[in-house]
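In this text, all values refer to a predicted model and were calculated from it rather than measured experimentally.
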Amino acid sequence: QVQLVESGGGLVQAGGSLRLSCAASGRTFSRYAMGWFRQAPGKEREFVAAIRWSAGNTYYADSVKGRFTISRDNAKNTVYLQMNSLKPEDTAVYYCAAPSRDSNNIYFYYIMGNYVYWGQGTQVTVSS
């Protein structure tokens, strides 16, 4: 059974930074991609970023490109989301997720339905 546990959320002022962590267990972490999604109140869950197993391939939503950075430490079975220049519209519950398989189709990683393992989420609140 795969388990994903997020941490690092909190309250920050606009323009500030936070780093989210997601600790994974239950399978060979280094061989699978990992992703971050978020869900704001009253909105659907949306893709934020993903990283392939080799860490050489990363993907971002346009809304966070240039501000957020996804990375991973396979030795620690952990994926990170560094969030800089935060905006009030970044306020959401952030979820770590893992797909059931790897894919060479980059669009695969943008689709929420391809992720089968989910963490419990961590709240990020950005005040104006």
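Taking all atoms of both residues into account, the shortest heavy-atom contact from V126 to T91 is N-OG1, 2.9 Å. Nearest heavy-atom pair, A40 versus A92, reported as atom, atom and distance to 0.1 Å: N-CB, 3.8 Å. Taking every heavy atom of both residues into account, L86 and M83 meet most closely at CD2-CB, 3.8 Å. Annotation for V79 and C96: closest pair CG1-SG, 4.0 Å, computed over non-hydrogen atoms. Closest approach of A33 to P99, counting heavy atoms only: O-CD, 3.1 Å. Nearest heavy-atom pair, L4 versus C22, reported as atom, atom and distance to 0.1 Å: CB-SG, 3.9 Å.
With hydrogens and angles left out, the side-chain atoms of R52 and Y109 include a donor and acceptor closer than 3.5 Å. Defined by atom type and a distance below 3.5 Å, a donor-acceptor pair is present between the side-chain atoms of N84 and S17. Residues Q123 and T125 have side chains that bring a donor and an acceptor to within less than 3.5 angstrom of each other.
By the neighbour-count criterion of 12 heavy atoms within 6.0 Å, atom CD of Q3 is sparsely surrounded, having that number or fewer from other residues, nucleotides or ligands. Open room surrounds NZ on K43; 12 or fewer heavy atoms of other groups in view lie less than 6.0 Å from it.
Within the cation-pi definition used here (under 6.0 Å to the ring centroid, within 45° of the axis), R72 does not qualify as a partner of W53. Under a cutoff of 6.0 Å and an axis angle of 45°, R19 and Y80 form a cation-pi pair.
Taken from CZ in F68 to OG in S63, the straight-line distance is 7.5 Å, to the nearest 0.5 Å. For the atom pair OH (Y60) and CZ (F47), the distance works out to 9.0 Å, reported to the nearest 0.5 Å. How far OH of Y95 is from CD of E6: 8.5 Å, rounded to the nearest 0.5 Å. In this structure, CG in N74 is found 13.0 Å from OH in Y32, a value given to the nearest 0.5 Å. Atom CD1 of I106 and atom OH of Y59 lie 6.0 Å apart (nearest 0.5 Å). Interatomic distance, K65 NZ to R67 CZ, rounded to the nearest 0.5 Å: 12.5 Å.
Between R45 and W118 there is a side-chain heavy-atom pair separated by less than 4.5 Å. Side-chain atoms of M34 and T78, non-hydrogen and from C-beta on, never get closer than 4.5 Å to each other.
A salt bridge is absent between D90 and K87; no separation between the charged side-chain nitrogens and carboxylate oxygens falls under 4.0 Å.
By the criterion of side-chain heavy atoms lying less than 4.5 angstrom apart, applied directly or through intervening Ile, Leu, Val, Met, Phe, Trp or Tyr residues, Y117 is grouped together with V48 in one hydrophobic cluster. Under the 4.5 Å side-chain heavy-atom criterion for grouping Ile, Leu, Val, Met, Phe, Trp and Tyr, F108 is connected to M112 within one hydrophobic cluster.
Here the two rings, on Y115 and F37, have centers that are under 6.0 Å apart.
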CA sep, side-chain torsions, deciding dist, call: R101, V116, side chain to side chain contact (heavy atoms under 4.5 Å, CB included): CA-CA 9 Å; R101 60 180 179 87; V116 296; over 6 Å; no
Y110 vs N105, side chain to side chain donor-acceptor pair (under 3.5 Å): CA-CA, chis, key distance, verdict: CA-CA 10 Å; Y110 289 81; N105 182 349; over 6 Å; no
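Results of the side-chain contact (heavy atoms from CB on, under 4.5 Å) test with I51 over L81, T69, N57, T58 single out T58 as the only residue that passes.
For the pair N77 (side chain) and S25 (backbone), a donor-acceptor distance under 3.5 Å is absent.
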